[in-house]
Undergrad: 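Below: one structure in structure tokens.
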Amino acid sequence: MDIPLSTIAVVGLGTMGTGIAEVLTRAGREVIGIDISEAAARQAVASLEASTARAVLRERITEQERHDILARFRTFSDLRAAADAELVIEVVPENYEIKQQVFRELDAVVSPTAILATGTNALSVTRLAAESQRPERVLGLHFFNPAPAMKLVEVVSSVLTAPPAVESVTRLARELGKEPVAVGDRPGFVADGLLFGYLNQAAAMYEANYASREDIDAAMKLGCGLPMGPLALLDLIGIDTARTVLEAMYTASRDRLHAPAPVLGQLSEAGLTGRKAGRGFYTYDAPGGQTVVPDALTPTAGAGADTGRPVSSVGVAGSGTMASGIAEVFAKSGYGVVLAARSQEKADRAKARIAKSLERSVAKGRMTAEARDETLARISPAGTLDSFAEVDLAVEAVAEDLDVKRELFATLDKVCKPGAVLATTTSSLPVVAIARVTARPEDVVGMHFFNPAPAMKLVEVVRTVLTADDVHATVREVCRKVRKHPVDCGDRAGFIVNALLFPYLNNAIKMVEEHYATLDDIDAAMKLGGGYPMGPFELLDVVGLDVSLAIEKVLHSEFRDPGLAPAPLLEHLVAAGCLGRKTGRGFREYARR
């Protein structure tokens, strides 16, 4: 059944309601804006006037088009103004009582064929629908903020929603230039359901004093390509809002990963709710401000910095992509590099891989042929670790296997000179377990580069309880010299990035297992609604399902949280040999090259 949606009422003219009204009026719809606050209604009109004026200045619309847009937006303070609307979208505060009151009053006003949509991202659409006189006409229509810019719209069906209503709002979303994804009714839906669990874990990581707020945010931006770090994003969303969403998610799931971190409650109760209050995890120049200003927790440049050990030569152990990339990074920055593999032939092949990488840089104009030749000349391939006798820093990049790494470090302990720093690039194994095979565990540190090492700016610097201060200082200084951003973290599974990233990926897999949403819809939701450069299933297939499973097993083993148990679907795919792009099939199938 074709349900025309030409006249639409928006109830609640806060930031979100005003944004939705702008989207609708620009798309030619007649919009009835309703808010009990006349000040809010005036602000909504002023906002639309300002945004359309900017659009005229930028020559995106004409003055006549602006006049027509403004004429299509009328504001009222009484819900009875929605009587002629074919669709009503409520975006009032996230409170059952308030929303239920709105729906009860709308039932008495609107046409029997009108669709009633809630903009909630935390409350049950089914519960709201069940108390309506026409539950088959009630659904969720979750826009993302800012509504004019964000492409994602989640269309939420309850068990009571009639398919024609869903079809009508889905078609509307597409006509508005949005990307609708169909989801079922559970707190957080897809995008927020995955996003808020990740944000909650970041808050808990900060609360545990595992890493600083600056390092947590930098790690997720540089390690995952995210537009904002999780703590800065919590400040933007509103810490009180995040706590409300998480409470609703935990009530439904009883998953400990959704139980709000206590720090969220403490900040909320103190009124430190983020940007809108001028202070949350960070401090801002004013309530509602965007500029972070220094506070008591802001690191002071050079404060507490120890003097590191001199490093002029570096040994890199391994012959794979990561080892080659790390060797390239050091050589480009002027260090003499010994690249050691299990045989001279493997080491020569690794250097040849670096030569090809440098040649690509020359072809793209990123370096000169002279710089390429100088970089290659600094790299000495070797078939034995004995060549590390005089290096100041030895970095291993071999297989992610504890026995293999322990054996290698036992050899480095014998070969490397006293005072040499020994670094492991492990992403998931305990650094101290590797350090203990040496007679100098104080010289051992984690130096977790990200792949591809020449391009990725992040290095997680992992100190154990035995790592010497000057060793830690050495590695941080070396990171800066090779133009990487070091973040400090303790020696526990996943460090910062993997500890936050892989539970999020695991939860995405569980959504598919539960037939809650499709791979494509989940990937679209996280790219369009969360700003992720890749959807979770795209990323899993790139990383490798076997690698992902190994990391998730380590996280589950260390933290013993049932919510971290690897999703059975992931285990089944790995057992079937479907490991992602490298095998031609993972969550999706890929063309063989």
Undergrad: Quick one: sort the Y198 and Y504 rings into parallel, tilted or perpendicular, breaks at 30° and 60°.
TA: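 It falls in the tilted class, 30° to 60°.
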Undergrad: Identify the heavy atoms of P486 and D215 that sit nearest to each other, and give their distance.
TA: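 Shortest heavy-atom contact: O-OD1, 4.2 Å.
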Undergrad: Would you check if the side chain of R353 reaches a backbone N or O of S319 as a donor-acceptor pair within less than 3.5 Å?
TA: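 A pair under 3.5 Å: yes.
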Undergrad: Looking at side-chain heavy atoms only, is the closest gap between S333 and K481 below 4.5 Å?
TA: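 SC-SC contact between S333 and K481 ruled out.
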Undergrad: Check this for me, if you would: do E558 and R492 make a salt bridge, where the nitrogen-to-carboxylate-oxygen distance has to be below 4.0 angstrom?
TA: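 No.
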Undergrad: Please check this pair: side chain of K351 against backbone of I379, looking for a donor-acceptor N/O pair closer than 3.5 Å.
TA: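 Present.
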Undergrad: Within the distance-only criterion (no hydrogens, no angle test), does the side chain of T291 pair as donor or acceptor with the backbone N or O of D285 below 3.5 angstrom?
TA: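 Side chain of T291 to backbone of D285, a donor-acceptor pair under 3.5 Å: no, none is there.
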Undergrad: State whether the side chain of K346 and the backbone N or O of G318 hold a donor-acceptor pair below 3.5 Å, judged by distance alone.
TA: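 Here the side-chain-to-backbone pair does not exist.
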Undergrad: Quick one: do L358 and L376 satisfy side-chain contact (heavy atoms from CB on, under 4.5 Å)? Show the steps, please.
TA: CA-CA 9 Å; L358 296 176; L376 278 173; 3.7 Å; yes
Undergrad: When rounded to the nearest 0.5 angstrom, what distance separates CG in L458 from NE2 in H448?
TA: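 These two atoms lie 8.5 Å from each other.
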Undergrad: Is any side-chain heavy atom of D470 less than 4.5 Å from a side-chain heavy atom of T307?
TA: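 Of all side-chain heavy-atom pairs linking T307 with D470, none is under 4.5 Å.
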Undergrad: Any side-chain donor-acceptor pair under 3.5 Å between T298 and R213?
TA: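 Yes.
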Undergrad: Heavy atoms, side chains only, cut-off 4.5 Å: are V547 and K582 in contact?
TA: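 Touching, per the 4.5 Å side-chain cut-off.
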Undergrad: Is the shortest heavy-atom distance from the side chain of T411 to the side chain of F388 under 4.5 Å?
TA: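 Result no, sub-4.5 Å side-chain heavy-atom pair not found.
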Undergrad: With side-chain contact (heavy atoms from CB on, under 4.5 Å) as the criterion, how do F450 and L222 come out once you've worked through the C-alpha distance, each side chain's angles and the decisive distance to 0.1 Å?
TA: CA-CA 9 Å; F450 286 72; L222 297 174; over 6 Å; no
Undergrad: Give a yes or no answer on whether the side chain of N498 reaches the backbone of S428 with a donor-acceptor pair at less than 3.5 Å.
TA: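 No, because the side chain of N498 does not come within donor-acceptor range (under 3.5 Å) of the backbone of S428.
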Undergrad: Side chains of S313 and E390: any donor to acceptor distance under 3.5 Å?
TA: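 No donor-acceptor contact under 3.5 Å links the two side chains.
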Undergrad: Of all the heavy-atom pairs spanning N506 and A565, show the shortest one and how long it is.
TA: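 Closest heavy-atom pair between N506 and A565: ND2-O, 2.9 Å.
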Undergrad: Quick test of your reading of the model: are D413 and R440 salt-bridged, counting only N-O distances below 4.0 Å?
TA: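 Salt bridge present between D413 and R440.
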Undergrad: Looking only at heavy atoms, what is the nearest atom pair of V395 and L393, with distance?
TA: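 For V395 versus L393, the nearest heavy atoms are CG2-CG, 3.8 Å.
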Undergrad: In this structure, are over 12 heavy atoms from other groups packed under 6.0 Å from E407 atom CD?
TA: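 No, the 6.0 Å shell around CD holds no more than 12 heavy atoms from other groups.
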Undergrad: Do E154 and F144 touch side chain to side chain, with heavy atoms closer than 4.5 Å?
TA: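 Touching, per the 4.5 Å side-chain cut-off.
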Undergrad: Do T321 and S324 pair up side chain to side chain, a donor and an acceptor below 3.5 Å, judged on atom types alone?
TA: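 Note: T321 and S324 side chains miss the donor-acceptor criterion.
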Undergrad: Does any non-hydrogen side-chain atom of M220 lie less than 4.5 Å from one of V497?
TA: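 Contact flag for V497/M220 side chains = yes.
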Undergrad: Rounded to the nearest 0.5 Å, how far does CE of M322 lie from OG1 of T425?
TA: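 The CE atom of M322 is 6.5 Å from OG1 of T425, to the nearest 0.5 Å.
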Undergrad: Within this structure, what is the CD-CZ distance for the pair Q201 and F502, rounded to the nearest 0.5 Å?
TA: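 These two atoms lie 13.0 Å from each other.
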Undergrad: Using side-chain contact (heavy atoms from CB on, under 4.5 Å), reason through I237 and F196 one step at a time and then give a plain yes or no.
TA: CA-CA 10 Å; I237 293 168; F196 278 87; 4.0 Å; yes
Undergrad: Short question: side chain of D491, backbone of V432 - any donor-acceptor pair under 3.5 Å?
TA: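 Between the backbone of V432 and the side chain of D491 there is a qualifying donor-acceptor contact (under 3.5 Å).
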Undergrad: Between the side chains of E477 and R480, is the shortest nitrogen-to-carboxylate-oxygen separation below 4.0 Å, so that they form an ion pair?
TA: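 E477 and R480: salt-bridged.
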Undergrad: So, applying side chain to side chain contact (heavy atoms under 4.5 Å, CB included) with V421, which one of V445, V478, T467, V444 is it?
TA: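 So, applying the side chain to side chain contact (heavy atoms under 4.5 Å, CB included) to V421 and each of V445, V478, T467, V444, only V445 qualifies.
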Undergrad: Quick one: does D443's side chain have a donor or acceptor within less than 3.5 Å of a partner on V471's backbone?
TA: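 Not at all, since once roles are kept as given, no pair shorter than 3.5 Å links the two residues.
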Undergrad: Search all heavy atoms of K332 against all heavy atoms of P454 and return the closest pair with its distance.
TA: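 Nearest pair, atom of K332 first, then P454: NZ-CB, 4.4 Å.
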Undergrad: May I ask you to decide whether K417 forms a salt bridge with D392, counting only side-chain N to carboxylate O separations under 4.0 Å?
TA: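 Yes, this pair counts.
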Undergrad: Could you give the distance from CZ (F559) to CG (L555), rounded to the nearest 0.5 Å?
TA: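 Atom-to-atom, F559:CZ and L555:CG are 6.5 Å apart.
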Undergrad: Identify the heavy atoms of R463 and H472 that sit nearest to each other, and give their distance.
TA: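 Closest heavy-atom pair between R463 and H472: NH1-ND1, 3.5 Å.
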Undergrad: Would you say the side chain of V183 lies within less than 4.5 Å of the side chain of H142, judging by non-hydrogen atoms?
TA: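 No. Closest side-chain heavy atoms not under 4.5 Å.
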Undergrad: Donor-acceptor check, side chain of E514 to backbone of Y516, threshold 3.5 angstrom: yes or no?
TA: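 No: the side chain of E514 does not pair with the backbone of Y516.
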Undergrad: Step through the shown structure and confirm whether more than 12 heavy atoms of other residues, nucleotides or ligands are within 6.0 Å of CZ on R349.
TA: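 Atom CZ in R349 is packed in, count exceeds 12.
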Undergrad: Show the nearest heavy-atom pair for residues L564 and P503, with the distance to one decimal.
TA: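 Minimum heavy-atom contact is CD2-CG, 3.5 Å.
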Undergrad: Answer yes or no: is there a side-chain heavy-atom contact under 4.5 Å between E538 and R588?
TA: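 Yes, their side chains come closer than 4.5 Å.
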Undergrad: In Å and rounded to the nearest 0.5 Å, what is the CE to CG distance from M205 to L500?
TA: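 Those atoms lie 4.0 Å apart.
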Undergrad: With distance as the sole test, does N121 use its side chain to make a donor-acceptor pair with the main-chain N or O of D192 at under 3.5 Å?
TA: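 No.
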Undergrad: Rounded to the nearest 0.5 Å, how far does OG1 of T518 lie from CG of D523?
TA: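 So the gap between those two atoms works out to 8.5 Å.
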Undergrad: Take atom NZ of K553 as the centre, draw a 6.0 Å sphere, and report whether it contains more than 12 heavy atoms from other residues, nucleotides or ligands.
TA: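 No - once you tally the heavy atoms of other residues, nucleotides and ligands closer than 6.0 Å, there are 12 at most.
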Undergrad: I'd like to know if the side chain of K484 and the backbone of A453 have a donor-acceptor N/O pair within less than 3.5 Å.
TA: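 Yes.
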Undergrad: Check the pair L549, L545 against side-chain contact (heavy atoms from CB on, under 4.5 Å), reporting the backbone distance first and the verdict last.
TA: CA-CA 6 Å; L549 178 60; L545 272 57; over 6 Å; no
Undergrad: Run the salt-bridge test on D295 and R279 with the 4.0 Å N-O cut-off and return the result as yes or no.
TA: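 No, no charged N to carboxylate O under 4.0 Å.
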